Amino acid sequence: MPDSTSFFDKVYDIARLIPYGRVTSYGAIAKYLGAAKSARMVGYAMNNSHSKDVPAHRVVNRKGLLTGKHHFEGTNLMQQLLESEGIVVINNQIQDFDKLFWNPSYEL
DNA sequence: TCAATGACCTGCC
DNA sequence: GGGCAGGCCATTG
């Protein structure tokens, strides 16, 4: 199973580059990798991110909604982690998402 | 092996 | 401007 030699590995790399107190979206990562249409893959990669040191809680959908919070241990763990970094999350919705948004294609 | 699903996004009607 | 359908790649049944 230790493939880690494909789209997934790159996704983990980008996710790990996300600065503290910042968030990004699946599409942004996918687009940076040159696969904007493969945004779904990014989310699937996050599914395995639990095996890596990837802060998946900093990765959300285009609307800043914590769609994958259900995949975390607790129900509000993802929100707790984001709030712990100074990010305001209400009802699984990140506030000021446009300000906290971290665009890899722009920052990198 | 084939078919269906999934932490999504973009485009068209 | 809102809603629907298609597409992407990998994993599971």
Side-chain angles (χ1 to χ4, degrees):
Chain A
M1 4 202 10
D3 280 76
S4 306
T5 73
S6 55
F7 197 86
F8 282 53
D9 203 23
K10 297 200 172 184
V11 174
Y12 303 137
D13 190 41
I14 301 296
R16 265 182 276 188
L17 291 173
I18 300 175
Y20 180 89
R22 276 278 177 59
V23 289
T24 186
S25 62
Y26 305 95
I29 299 173
K31 190 170 186 173
Y32 177 76
L33 297 177
K37 292 175 185 163
S38 303
R40 248 175 154 188
M41 260 316 83
V42 181
Y44 207 94
M46 289 289 131
N47 199 0
N48 273 282
S49 64
H50 70 88
S51 295
K52 322 272 181 185
D53 294 329
V54 178
H57 61 272
R58 290 184 193 160
V59 184
V60 292
N61 64 345
R62 252 296 188 208
K63 301 165 200 154
L65 190 69
L66 309 187
T67 54
K69 78 149 197 173
H70 215 13
H71 283 255
F72 278 77
E73 294 187 8
T75 51
N76 57 340
L77 177 61
M78 191 172 184
Q79 181 172 337
Q80 292 275 317
L81 291 170
L82 290 170
E83 289 183 341
S84 184
E85 296 189 358
I87 300 174
V88 182
V89 181
I90 300 175
N91 195 12
N92 304 334
Q93 175 71 44
I94 296 179
Q95 306 303 313
D96 298 319
F97 178 67
D98 54 335
K99 294 179 186 174
L100 298 171
F101 184 75
W102 179 75
N103 194 333
S105 289
Y106 185 78
E107 296 289 337
L108 300 181

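Just so it is clear, the model here is predicted, and its values are computed rather than measured. Letters A, B, ... are given to chains in the order of the sequence lines, protein chains preceding strands, and every chain is numbered from 1.
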Below 3.5 Å between N/O atoms, which protein atoms pair up with nucleotides 9-13 of chain B? Just atom names and distances, please.
from	atom 1	to	atom 2	distance (Å)
B/dC9	OP1	A/Arg62	N	2.5
B/dC9	OP2	A/Arg62	N	3.3

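Of the residues in residues 89-99 of chain A, not one places a heavy atom less than 4.0 Å from an atom of DNA chain B. Within a heavy-atom distance below 4.0 Å of DNA chain C, no residue of residues 66-74 of chain A is found. Annotation: proximity of residues 41-51 of chain A to DNA chain B (heavy atom, distance under 4.0 Å) is found for A/Met41, A/Gly43, A/Tyr44, A/Met46, A/Asn47, A/Ser49, numbered in ascending order.
In the hydrophobic clustering of ILVMFWY residues, with side-chain heavy atoms under 4.5 Å counting as a link, A/Leu108 and A/Ile18 come out together.
Atom-to-atom, NZ of A/Lys10 to P of C/dC9 comes out at 14 Å; the value is rounded to the nearest Å.
For residues 64-86 of chain A, the pairs satisfying side-chain hydrogen bond (donor to acceptor under 3.5 Å, both in side chains) are A/His57-A/Glu85, A/Arg58-A/Glu85, A/Gln79-A/Glu83, with sequence neighbours left out. Among residue pairs with one or both ends in residues 11-22 of chain A, none qualify as salt bridge (Lys or Arg N to Asp or Glu O under 4.0 Å); sequence neighbours excluded.
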For A/Phe72 and A/His50, what are the C-alpha separation, side-chain angles and deciding distance, and is it a side chain to side chain contact (heavy atoms under 4.5 Å, CB included)? CA-CA 9 Å; A/Phe72 278 77; A/His50 70 88; over 6 Å; no
What pairs of donor and acceptor atoms, side-chain ones from residues 27-45 of chain A against any protein atom, are under 3.5 angstrom apart with sequence neighbours left out?
none

Side chains of residues 91-107 of chain A: which donor-acceptor pairs under 3.5 Å do they make with residues two or more places apart or in other chains?
from	atom 1	to	atom 2	distance (Å)
A/Gln93	NE2	A/Lys63	O	2.6
A/Gln95	NE2	A/Gln93	O	3.1
A/Asn103	OD1	A/Ser105	N	3.0

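Heavy atoms only, all atoms of each residue included: A/Met78 and A/Val59 are closest at CE-O, 3.6 Å.
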